[in-house]
Visitor: 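This is the structure I want to talk about, given as structure tokens.
In what follows, every chain begins at residue 1, and chains take the letters A, B, ... in the order their sequences are listed.
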Amino acid sequence: MLTLKFIQENTDLIIKRLKVKNFDATEIINKVIEQNNRRKETQAKVDLLKAEMNTISKEIGKLFQEKKIEEANAAKEKTTSLKEEIKSLDAAFASIDDEVNKLLVQLPNIPHELVVPGRDETDNVEIRRGGEIPQLPETKKPHWEIIKDLDIIDFELGTKLTGAGFPVYKGKGAKLQRALISFFLDEGEKAGYNEVLPPIMVNEDSGFGTGQLPDKEGMMYHAQADNLYMVPTAEVPVTNIYRDVIVDEEQLPIKNIAYTPCFRREAGSWGAHVRGLNRLHQFDKVEIVQIANPKTSYQQLDEMVAHVENLIKKLDLPYRIVRLCGGDISFTSAMTYDFEVYSAAQERWLEVSSVSNFESFQANRLKCRYKAKDMKKPELVHTLNGSALALPRIVAAIIENNQTETGIKIPRVLIPYTGFDIIE
RNA sequence: GGAGAGAUGGGUGAGUGGCUGAAACCACCGGUUUGCUAAACCGGCGUACGGGUAAUACUGUACCGGGGGUUCGAAUCCCCCUCUCUCCGCCA
């Protein structure tokens with residue numbers, strides 16, 4: 001969320017910029033400022049009363065020590081009404097503070113200057129393309145047919161075990177998953193990322209820290225008996241490592257990489273366009289997360305984009321990179337690049353990665369700050385993350401684009417990991 | 001799951017219901033001394049939200065795992081919760 005200070009100092013700018021996200025912030029901001037003024041007034045009042053109370057209490061202590069019992073008791077009586085006043089003002093303060101926070105979490109992050117206005121994904125800005133779209137024969141098949149023919153990914157079996165959207169990977173299909181995960185992690189390590197293997201269930205505080213709670217509660221599986229959530233992405237546990245942490249400036253940027261299964265309920269968003277691997281309830285993903293100095297966070301974003309691009313290049317997949325427009329970018333992001341690979345049998349682009357700079361929006365929720373020696377006060381860090389990469393659609397593209405009469409050719413870089421070069 | 005012990009600032013760790021936002025030590029920062037380094041000595045060293053200021057200074061309040069209570073006054077007493085450790089049980 002945006003900080004109060006920033007809102008107070010940049011009201012017009014925020015309203016103007018949020019229009020890019022098709023969000024009219026005027027009313028919320030006015031209310032925030034109004035409520036915050038009330039909050040300040042109330043605090044000033046209650047602080048004064050508390051100061052008075054503290055003074056009296058100290059005096060009473062002194063009087064008792066000097067054995068002036070009667071004077072002490074007389075002073076005690078003065079406190080009764082003070083106490084009540086404090087109690088009611090405290091309650092008022094708490095409720096105003098609560099209101100301010102409720103308003104604050106409704107404001108989206110302001111988009112970066114480069115983010116263009118737009119309605120939806122059709123207004124996204126293509127940055128560049130790479131790779132070559134393969135010419136497949138007329139007999140080409142979509143991946144959901146191929147995986148069935150080869151018996152490497154089994155949806156029906158997953159449905160029996162769990163439900164729709166929980167496929168079972170079998171044989172070379174399973175091994176291909178493992179190969180991709182290892183490949184992505186190794187490439188990340190070479191690029192300076194530190195590998196972590198976090199829990200895949202998180203508590204409420206973590207869900208709030210990265211912004212899934214309270215609004216998007218429905219996206220996560222919830223284990224109610226223990227009040228834990230299945231992670232929708234490794235971003236949640238890995239970013240929350242830095243919740244309530246003040247880091248030294250020299251430590252920045254902190255670069256972590258994590259593989260986790262990801263769980264998404266995706267209620268109500270199923271249809272023909274999400275067949276096969278295109279959308280799942282459980283899938284595997286390698287995620288990169290950076291905690292960055294605000295001064296250099298956009299350089300870090302570029303670095304992450306380059307890293308992801310490099311992965312796709314190495315897998316020899318045709319891709320394009322788009323910068324999301326205001327209408328397509330997420331609530332929490334200031335700038336997002338989506339990576340899409342071309343799926344030659346479905347003849348469509350599939351999103352395989354989303355790389356974002358959240359600036360201080362998440363950091364403010366997380367209370368993650370940094371401090372340099374010459375800084376009086378700690379300041380919020382910038383957080384960034386990106387998929388590097390999400391497996392299912394990469395797998396779909398490999399299967400479709402690399403289909404031959406004899407089988408699916410494995411990209412060269414993966415062969416050391418799979419131990420085979422074709423799935424037949 | 002059962003029994004017990006505990007949770008204090010970046011770390012170790014003291015703390016009798018008032019003089020404790022919190023000793024001491026370590027780490028860290030600034031300085032003095034000194035051929036250099038080290039040592040020694042002196043000083044500084046939390047966070048949030050207010051007031052104040054051009055900005056400092058200064059100043060109010062809150063915070064000793066979290067939440068409630070008792071009290072004029074709570075790190076300290078009481079209740080609930082969470083977590084950690086030890087022992088027992090169970091277990092990949």
Visitor: If you measure from CG on A/Asn36 to CG on A/Leu103, what distance do you get to the nearest 0.5 Å?
Guide: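 One gets 10.5 Å once the value is rounded to the nearest 0.5 Å.
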
Visitor: If we take the C1' atom in both B/G1 and B/C72, what is their distance in whole Å?
Guide: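 Going atom to atom, C1' in each nucleotide, I get 46 Å.
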
Visitor: Roughly how far apart, to the nearest Å, are B/C83 and B/G67 at atom C1'?
Guide: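 Between the two C1' atoms, the distance is 15 Å.
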
Visitor: Under 4.0 angstrom, heavy atoms only, what part of the nucleic acid is A/Asn54 near: base, sugar-phosphate, or nothing?
Guide: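 The answer is sugar-phosphate, as A/Asn54 gets under 4.0 Å only of primed atoms, P, OP1 or OP2.
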
Visitor: Mind calculating the distance between CG (A/Asp90) and C1' (B/C49) to the nearest angstrom?
Guide: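 These atoms are roughly 13 Å apart.
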
Visitor: How long is the line joining CG of A/Leu48 and P of B/U59, in whole Å?
Guide: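 Atom CG in A/Leu48 sits about 16 Å away from atom P in B/U59.
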
Visitor: Can you measure A/Arg39 atom CZ to B/U61 atom C1' for me and round it to whole angstrom units?
Guide: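 After rounding, the gap between these two atoms is 12 Å.
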
Visitor: Let me know, please, whether A/Asp47 or A/Pro378 comes out on the 5' side of the other along RNA chain B by nearest nucleotide.
Guide: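 So the residue in question is A/Pro378.
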
Visitor: Going through the distances and angles, do A/Lys285 and A/Glu235 end up as a salt bridge (charged side-chain N to carboxylate O under 4.0 Å, His left out)?
Guide: CA-CA 10 Å; A/Lys285 181 159 66 67; A/Glu235 164 197 347; over 6 Å; no

Visitor: When the P atoms of B/G73 and B/C63 are compared, how many Å lie between them, rounded to an integer?
Guide: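 Between the two P atoms, the distance is 13 Å.
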
Visitor: B/U71 pairs with which nucleotide, Watson-Crick or G-U wobble, both distances below 3.5 Å?
Guide: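 Across all strands, not a single nucleotide pairs with B/U71.
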
Visitor: Between A/Cys368 and A/Thr383, is there a side-chain heavy-atom distance shorter than 4.5 Å?
Guide: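 A side-chain contact under 4.5 Å is absent here.
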
Visitor: Take atom CD of A/Glu204 and atom P of B/C83, then tell me their distance rounded to the nearest Å.
Guide: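 Those two atoms, CD and P, are 14 Å apart.
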
Visitor: Side chain of A/Gln43 only, heavy atoms from C-beta on: which candidate in B/G51, B/A48, B/G60 is closest?
Guide: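 Nearest listed nucleotide: B/G60.
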
Visitor: With both distances under 3.5 Å as the test, what is the Watson-Crick or G-U wobble partner of B/U76?
Guide: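 Because no pair has both required distances under 3.5 Å, B/U76 counts as unpaired.
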
Visitor: Please tell me if A/Arg369 has a side-chain N or O lying less than 4.0 Å from either OP1 or OP2 of B/U47.
Guide: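 False: A/Arg369 side-chain N/O out of range (4.0 Å or more) of B/U47 OP1/OP2.
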
Visitor: Looking at A/Arg365 and A/Gly211, what are the two nearest heavy atoms and their distance?
Guide: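 For A/Arg365 versus A/Gly211, the nearest heavy atoms are NH1-CA, 3.1 Å.
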
Visitor: Nearest to the A/Lys50 side chain among B/C49, B/A48, B/U61, which nucleotide is it?
Guide: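 Of all the options, the side chain of A/Lys50 is nearest to B/U61.
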
Visitor: Which residue is it: A/Ile110, A/Leu380, A/Asn364? I am looking for the one with a side-chain contact (heavy atoms from CB on, under 4.5 Å) to A/Phe6.
Guide: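 Of the listed options, the one satisfying the test is A/Ile110.
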
Visitor: Taking a pair as Watson-Crick or G-U wobble with both distances under 3.5 Å, which nucleotide is matched to B/C83?
Guide: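 Paired with B/G6.
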
Visitor: Just name whichever nucleotide pairs with B/C28, Watson-Crick or G-U, keeping both distances under 3.5 Å, else none.
Guide: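 Its partner is B/G44 (Watson-Crick or G-U wobble, both distances under 3.5 Å).
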
Visitor: Restricting to pairs with a member in residues 88-99 of chain A, which pass salt bridge (charged side-chain N to carboxylate O under 4.0 Å, His left out), not counting sequence neighbours?
Guide: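 Qualifying pairs: A/Arg39-A/Asp97, A/Lys50-A/Asp90, A/Asp98-A/Lys102.
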
Visitor: Please pick, from B/G50, B/G73, B/A48, the nucleotide with the shortest atom-to-atom distance to any side-chain atom of A/Ser57.
Guide: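 Output: B/G73.
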
Visitor: With A/Lys172 as the cation and A/Phe420 as the aromatic partner, state whether NZ or CZ is under 6.0 Å from the six-membered ring centre and within 45° of the axis.
Guide: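 Yes; both conditions hold, so A/Lys172 lies above the ring face of A/Phe420.
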
Visitor: Rounded off to whole Å, could you give me the CZ-to-P distance for the A/Arg38 and B/G50 pair?
Guide: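 About 16 Å, once rounded to whole Å.
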
Visitor: Name the residue closer to the 5' end of RNA chain B, choosing between A/Ile56 and A/Gly61 according to the nucleotide with the nearest heavy atom.
Guide: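 Its nearest nucleotide lies further toward 5', so the answer is A/Gly61.
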
Visitor: Return the nucleotide paired to B/G35: Watson-Crick means purine N1 to pyrimidine N3 with N6-O4 or O6-N4, wobble means G-U with N1-O2 and O6-N3, both under 3.5 Å.
Guide: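 The base-pairing partner of B/G35, which may sit in any strand shown, does not exist here.
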
Visitor: Taking the P atom in each of B/G13 and B/U33, what is the distance between them to the nearest angstrom?
Guide: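 These two P atoms come out 38 Å apart once rounded.
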
Visitor: Between B/G50, B/U61, B/G73, which nucleotide has the shortest distance from any of its atoms to the side chain of A/Asn36?
Guide: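 Selected nucleotide (nearest to the side chain): B/G50.
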
Visitor: Hey, does A/Lys371 reach any base, or is it just sugar-phosphate, or nothing, if we go heavy atoms under 4.0 Å?
Guide: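 Contact class for A/Lys371: sugar-phosphate only.
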
Visitor: Of the nucleotides B/C49, B/U61, B/G73, which has the atom closest to the A/Lys83 side chain?
Guide: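 Given the options B/C49, B/U61, B/G73, the side chain of A/Lys83 is closest to B/G73.
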
Visitor: Any strand is fair game: report the nucleotide pairing with B/G50 by Watson-Crick or G-U wobble, both distances under 3.5 Å, or none.
Guide: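 Per the H-bond distance test, B/U59.
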
Visitor: Could you tell me whether A/Thr79 contacts a base, only the sugar-phosphate backbone, or nothing, with contacts defined as non-hydrogen atoms closer than 4.0 Å?
Guide: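 Sugar-phosphate: the residue A/Thr79, judged by heavy atoms under 4.0 Å, touches backbone atoms but no base.
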
Visitor: What integer number of Å spans the C1' atoms of B/G11 and B/G46?
Guide: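 Rounded to whole Å, the distance is 14 Å.
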
Visitor: Taking atom P in both B/C29 and B/U37, what distance in whole Å separates the two?
Guide: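 B/C29 and B/U37 have their P atoms separated by 15 Å.
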
Visitor: Heavy atoms only, 4.0 Å cut-off, all strands: where does A/Ile60 land among base, sugar-phosphate and nothing?
Guide: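 Base contact.
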
Visitor: In whole angstroms, how far is the P atom of B/G65 from the CG atom of A/Asp205?
Guide: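 Going from A/Asp205 (CG) to B/G65 (P), I get 17 Å.
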
Visitor: Whom does B/C91 pair with, Watson-Crick or G-U wobble, provided both distances fall under 3.5 Å?
Guide: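 When the pairing criteria are applied, nothing turns out to pair with B/C91, so the answer is none.
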
Visitor: Can you check the distance between B/G15 and B/A23, where both ends of the measurement are the P atom (answer in whole Å)?
Guide: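 Approximately 14 Å lies between the P atom of B/G15 and that of B/A23.
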
Visitor: Look at all strands and tell whether A/Lys62 reaches a base, only sugar-phosphate, or nothing, counting heavy atoms closer than 4.0 Å.
Guide: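 The residue A/Lys62 makes no contact with any strand.
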
Visitor: Does CD in A/Glu189 sit with more than 12 non-hydrogen atoms of other residues, nucleotides or ligands closer than 6.0 Å?
Guide: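 Open: at most 12 neighbouring heavy atoms sit under 6.0 Å from CD of A/Glu189.
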
Visitor: Starting from P on B/C45, measure out to CG on A/Asp248 and report it in whole angstrom.
Guide: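 After rounding, the reported distance stands at 18 Å.
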
Visitor: Starting from P on B/G50, measure out to CG on A/Leu89 and report it in whole angstrom.
Guide: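 Spelled out: CG on A/Leu89 to P on B/G50 is 17 Å.
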
Visitor: Please determine, for B/C19, whether a Watson-Crick or G-U wobble partner exists with both distances under 3.5 Å, and give it or none.
Guide: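 The base-pairing partner of B/C19, which may sit in any strand shown, does not exist here.
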
